[in-house]
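The structure appears right after this line, and notes come after that.
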Amino acid sequence: MLELVDVRVAYGRTEIIHGVSLDVPQDGVVAVMGHNGAGKTTLLRAAVGLLPVTRGKILFDGEDITGLRPAARVARGLAYVPQGQQSFGQLTCSENLQVVADGRRNGRNLIANMLDLFPALVPLLDRRAGLLSGGQRQQLAIARALITEPRMLILDEPTEGIQPSVVAEIENTIVELSRSGDLGVLLVEQHIGFALDNALRYYVVESGRVTSTGAGGTEAARTVREAMAI
Ligand SMILES: Nc1ncnc2c1ncn2[C@@H]1O[C@H](COP(=O)(O)OP(=O)(O)OP(=O)(O)O)[C@@H](O)[C@H]1O
Ligand SMILES: [Mg+2]
């Protein structure tokens, strides 16, 4: 459903992504792995329209969205949770959810659904987002993205710097959502175990190129560790 075709991305004259192709179906998780600086975030930013591509194409549901602004991509059903758990730090959790839900017909229901999905947020609704822990902020960020009712959720290292018990909670929620059948997930993740166990397919990105790809599952972990030399 989301397809990157031979995409190249540059900062100024420095090309960082040297022709990457990948395919994310409409349900299930696709994992992108790679070392720090490999170009994972750059690739995601291009996919959601925050960076232009210099060559190649981005297709969503078969439509060429390469030239569309980020907001138009969101309207078509792409949602992006950037690396680093960003929300409006001065606003409360409740307000952070409300600003996304405002203007949506079923806004109130959407917020209620998110609180079912992330019950840890319920006691935090009146707390400023800036005061939350990393794990709590990540759950809030994912909830905000899901309120836009996306068909494709793009997550950049959602478990980075988060304690293991909360990581497990976030992982389970992501997998549950993707298995519900109407959400594709493009996941950048350095936790190889989780990403691969649950992924339909993985891509290893090194220095802006895909150096290994294959079916996900527990068997894939060894191949990927070898490919990444860790
Ligand atoms: N705004 C920018 N201007 C110039 N170069 C940049 C910019 N942002 C990133 N880069 C460079 O692009 C390369 C890829 O960075 P990117 O953030 O995409 O890597 P990453 O795989 O997401 O790494 P990490 O795992 O640390 O998040 C790096 O060499 C980085 O220094
Ligand atoms: Mg990154």
Side-chain angles (χ1 to χ4, degrees), residues 2-24 29-58 65-66 69-70 73-74 78-87 133-135 137-142 144-145 150 152-164 166-167 170-171 174 184-199 201-214 216 220-221 223-230:
L2 176 67
E3 226 179 312
L4 272 56
V5 186
D6 201 18
V7 161
R8 292 175 180 263
V9 188
Y11 293 110
R13 287 194 191 161
T14 312
E15 187 175 270
I16 299 289
I17 301 296
H18 311 288
V20 166
S21 298
L22 57 84
D23 212 333
V24 191
V29 178
V30 166
V32 171
M33 278 158 295
H35 293 300
N36 294 123
K40 306 180 298 296
T41 296
T42 303
L43 192 62
L44 296 190
R45 289 175 60 83
V48 295
L50 294 168
L51 279 173
V53 305
T54 50
R55 296 269 291 275
K57 268 198 283 194
I58 300 168
I65 60 164
T66 319
R69 290 171 180 279
R73 299 187 202 206
V74 171
L78 269 186
Y80 172 54
V81 180
Q83 198 166 359
Q85 307 122 24
Q86 295 162 12
S87 285
S133 73
R137 263 206 308 272
Q138 187 65 57
Q139 294 182 66
L140 178 62
I142 296 173
R144 280 163 48 87
M152 175 76 47
L153 181 63
I154 300 183
L155 299 168
D156 196 350
E157 303 205 30
T159 63
E160 190 183 29
I162 293 175
Q163 70 179 66
V166 181
V167 167
I170 293 175
E171 289 171 349
I174 293 169
V185 178
L186 174 55
L187 173 70
V188 163
E189 188 52 90
Q190 304 225 7
H191 286 263
I192 287 187
F194 162 64
L196 286 175
D197 287 356
N198 296 294
R201 186 159 202 89
Y202 72 85
Y203 296 85
V204 175
V205 173
E206 294 297 325
S207 305
R209 290 188 172 83
V210 174
T211 53
S212 171
T213 179
T223 326
V224 169
R225 286 208 170 84
E226 278 168 17
M228 291 176 67
I230 51 173

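Quick caveat, the model's predicted, so the values are computed rather than measured. The analysis underlying the following values was restricted to heavy atoms, covering all of them including side chains, and did not include hydrogens, waters or symmetry mates. Counting starts at 1 for both ligands and their atoms, in listed order.
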_Keeping Y202 on the side-chain end and S212 on the backbone end, is there a donor-acceptor pair under 3.5 Å?_
no
*Using modelled atom types only, decide if a donor and an acceptor are shared between the side chain of R73 and the backbone of I65 within a distance under 3.5 Å.*
yes
*Go through ligand 1 atom by atom and flag the ones less than 4.0 Å from a non-hydrogen atom of T41.*
17 (O), 18 (O), 20 (P), 22 (O), 27 (O)
*2.8 Å cut-off met by an N, O or S atom of N36 to the Mg ion (ligand 2)*: no
*Hey, looking at atom 21 (O) of ligand 1, which of K40, E189, M33, R45 has the closest heavy atom?*
K40
*Under 4.0 Å from any heavy atom of T42, which atoms of ligand 1 are there?*
14 (C), 15 (O), 16 (P), 18 (O)
*Are there protein heavy-atom neighbours of atom 30 (C) of ligand 1 below 4.0 Å?*
no
*Between Q83 and ligand 1, which part of the residue brings a heavy atom under 4.0 Å of the ligand: side chain, backbone, both or neither?*
side chain
_For ligand 1, the portion of I16 having any non-hydrogen atom under 4.0 Å away_ = side chain
*Short check: any N/O/S atom of T42 below 2.8 Å from the Mg ion (ligand 2)?*
no
*Closest non-hydrogen protein atom to atom 14 (C) of ligand 1, residue and atom name please, with distance?*
G37 O, 3.4 Å
*Taking H35 for the side chain and M228 for the main chain, is one N or O donor matched with an acceptor at less than 3.5 Å?*
yes
*So, does A38 sit close enough to ligand 1 that a heavy atom of it is under 4.0 Å from the ligand?*
yes
_Heavy-atom nearest neighbour in the protein, as seen from atom 5 (N) of ligand 1, with distance rounded to 0.1 Å_ = Y11 CD1, 3.3 Å
